[in-house]
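This is a predicted model, so every value here is computed, not measured. Heavy atoms only: backbone and side chains are in, while hydrogens, waters and symmetry mates are out. Sequence lines set the chain letters: A, B, ... in the order given, protein chains first and strands last, and positions in each chain run from 1.
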Amino acid sequence: MAHPARPAPGLRAQRQGGRRITSSPMSGVPYRFERTAEAAELQARYGSLAAGEETADEVAVAGRVMLVRPQGRLAFATLRDSSGQVQLFARDEVTEDFDAFAKLSLGDWVGATGKMVKTRRGELSVLVDEWVLLAEALRSFGDKWKGVTDVETRFRQREIDLWANERSRYVLLLRSRLVAHLRRHLEERGYVEVETPILHAIPGGAMAKPFVTHHNALDADLFLRIAPELYLKRLVVGGFEKVFEIGRVFRNEGLSPRHNPEFSMLELYQAYADYADFLTLVEELVSQLAVELTGSSLLHYGGRPIDLSPPWRRVTMAELVSEETGHTVDVHSPPEELGRLLAATGADVHEDWGPGKLLLELYEKLVEPQLWGPVFVMDFPAEVSPLARRHRQDPELAERFEGIVAGRELVNAFSELVDPEDQRRRFEAQAAARAAGDEEAMVIDEDYLRALEYGLPPTAGLGLGIDRFAMLLTDSANIREVIAFPTLRPESSTAGGPDEAAPGGGAPGGGVPDRGGR
RNA sequence: GCGCCUCUAGCUCAAUGGCAGAGCAACGGACUCUUAAUCCGCAGGUUGGGGGUUCGAAUCCCCCGGGGCGCACCA
């Protein structure tokens, strides 16, 4: 932390007089506190007491002091714990060390024991007999009315954001519950959770630029994974018929309100299933989770309603593009025509793009920004889906869909490509693109090809962006809201800033659902 | 990477070329039912950093740094 010899800026003056804490801020603080009740529980249990009514029930509560109202030989303090708030009521003739209690500051942590009472003014309170300081807030936090609103401070010092802002606590708690509920649903449906490597010798499973790191003993560069996809399918080859992983992936790309360099995704694979099976799975999971976590499948995102209840609209990419351009086109249309239509939008057209890529570009340029959903966009071109199985009715298409919810791609799923020879050809096409300068094109993964040669049964796979799902459920416009410690540029120690040089920016990450592969 | 906006006390904000201020918290004090308690007092600043213009710069100009949004990148 900070250098002990140099007082950090913002530290409030050392407390004196009646304080238990003098020279060393944390001396005298106990190692544990035996709490017997939480605030919400007390509010529920004693909320019906009449004003002025006193009980003989002793409780022990602990939490952080949010407000203090000293009143001569009385003092009131608002105590908050993770469940809610309850008032502490101190009286000179009842409360030990009353003078020190009356000098508590906002942010101090205390444990207190006493009887449950309701004050004359009707506020449920713990009439404190004994209390103990559990931590002293040497730094004062934000305005007690306005809290902390500065976006940079909120994300760099999440602890004071969470301390000051109810909504931030709500959002991160909902995210936690989202992941827990998702796990429970999947386990109930017979899926097995696994963990696959984050350090990859070859980044695969998606089209994205990776982060590079280095293993000293092996003297080898390794990559932080851009997707767990290939390892998960190798587990299916090994006999795990229904597997999933919820974990962090890392993509070396720009930041935006919708992109954090590290983000969380669910990937799920099921043997003997195809992509159509996942249409209903996605509809059910997403709408059920919305109901469980928000109370309704009808949400509002950015003020605009979205109804997640099944069934969702299903429409092919070719249909959408045809509708939008007024020309009936599909993946078999002459590339010149597709290129003309794309050029008409003002987009760059690369000569080496095939009809599949051109169709995808048209979709992304013209259609996707208008979609609100929920809608399943079906049947992506095989050319842009190197890990997806060709459509059973059209080899130029892949059995792949994306689920668009609130204008964002939330899920990406396909029938998995199981043919090792076709997979090798697709990898080779990717390698060619890579050689031509496409840094995001895939690399040939011989380990994966060998696994396919041992036999991957018909399998469906699915990727879902956890962070974007959390944004949807919490009506958050910025992905950073749903990430406890979003990636920020490290502060320079010489530059001015809100505080001393913080050791670094962020850690955890966010939620782009998918790219390319999944 | 580019463009626009932004950075003033711990926090929330004023001061638009003329003495850097307020509220909150913090610190000291008064007060036996408060609810953002109230009242009295006391402190608190390299105006993100550096340079320039000017008699005079928080304010105008340049460079650098952080952040936000948009674009690009990315799906």
Side-chain angles (χ1 to χ4, degrees), chain A residues 8-19 51-52 66-78 85 87-95 98 102-103 105-107 117-125 127 137-157 160 163-164 206-209 226 251-259 261 348 360-361 363-365 368-369 377 380 384 402 404 408-410 412 439-440 463 465 468 477-478 480 486 488-499 501-502 505 512-518:
Chain A
L11 276 194
R12 68 190 196 200
Q14 193 72 47
R15 298 169 164 200
Q16 297 165 0
R19 292 275 171 208
M66 299 305 292
L67 292 170
V68 193
R69 297 175 291 279
Q71 176 82 29
R73 305 318 296 166
L74 299 179
F76 303 89
T78 302
Q85 299 187 346
Q87 179 169 265
L88 299 182
F89 180 17
R91 307 180 59 172
D92 189 24
E93 65 269 33
V94 175
T95 305
F98 174 85
K103 287 177 185 168
S105 289
L106 307 196
V117 304
K118 215 167 216 187
T119 61
R120 286 179 212 159
R121 293 297 183 84
E123 183 74 24
L124 183 67
S125 308
L127 180 57
L138 296 176
R139 292 175 183 271
S140 54
F141 76 135
D143 187 275
K144 75 180 178 187
W145 187 238
K146 295 196 172 182
V148 176
T149 58
D150 180 73
V151 176
E152 182 175 357
T153 305
R154 287 187 49 230
F155 292 141
R156 283 199 194 275
Q157 299 179 249
I160 67 175
W163 161 4
M207 300 207 261
K209 282 174 244 176
I226 56 175
R251 296 185 184 179
N252 207 339
E253 295 160 359
L255 311 187
S256 88
R258 290 159 297 282
H259 299 80
D348 290 339
L360 178 71
E361 290 288 324
Y363 162 75
E364 290 181 349
K365 184 84 181 176
E368 200 176 28
V377 179
F380 278 55
V384 295
E402 287 189 354
I404 306 293
R408 306 257 173 80
E409 173 193 337
L410 181 67
N412 182 26
E439 287 182 80
E440 279 130 28
R468 286 194 174 167
N478 193 320
R480 291 173 166 176
L488 297 175
R489 186 183 297 275
E491 282 182 288
S492 142
S493 55
T494 53
D499 229 342
V512 176
D514 97 74
R515 286 134 206 227
R518 167 153 292 123

Reckon [X] touches a base, only the sugar-phosphate, or nothing at all at heavy-atom distances under 4.0 Å?
X        : answer
A:Val68  : sugar-phosphate
A:Ile160 : nothing
A:Phe89  : base

Do the side-chain N or O atoms of [X] get closer than 4.0 angstrom to the phosphate oxygens (OP1, OP2) of [N]?
X        : N     : answer
A:Arg251 : B:C74 : no
A:Asn478 : B:C69 : yes
A:Arg139 : B:G10 : no
A:Ser256 : B:C71 : no
A:Lys144 : B:A26 : no

Using Watson-Crick or G-U wobble geometry with both distances under 3.5 Å, which nucleotide pairs with [N]?
N     : answer
B:U12 : B:A22
B:C60 : B:G52
B:G41 : B:C27

Distances for protein N or O near nucleotides 29-31 of chain B N or O, under 3.5 Å:
from	atom 1	to	atom 2	distance (Å)
B:C31	N3	A:Gly72	N	3.0

Report the distance from atom [atom1] of [X] to atom [atom2] of [N], rounded to the nearest whole Å.
X        : N     : atom1 : atom2 : answer
A:Arg156 : B:G48 : CZ    : C1'   : 12 Å
A:Leu255 : B:C73 : CG    : P     : 16 Å
A:Lys209 : B:C74 : NZ    : C1'   : 8 Å

Quiz prompt | Contacts of A:Arg120 that satisfy side chain to side chain contact (heavy atoms under 4.5 Å, CB included) - sequence neighbours left out | solution = none

Might you list the N or O atoms of the protein lying below 3.5 Å from N or O atoms in nucleotides 12-14 of chain B, with each pair's distance?
from	atom 1	to	atom 2	distance (Å)
B:U12	OP1	A:Thr149	N	3.0
B:U12	OP1	A:Thr149	OG1	3.4
B:U12	OP1	A:Asp150	N	2.9
B:U12	O2'	A:Lys146	NZ	3.0

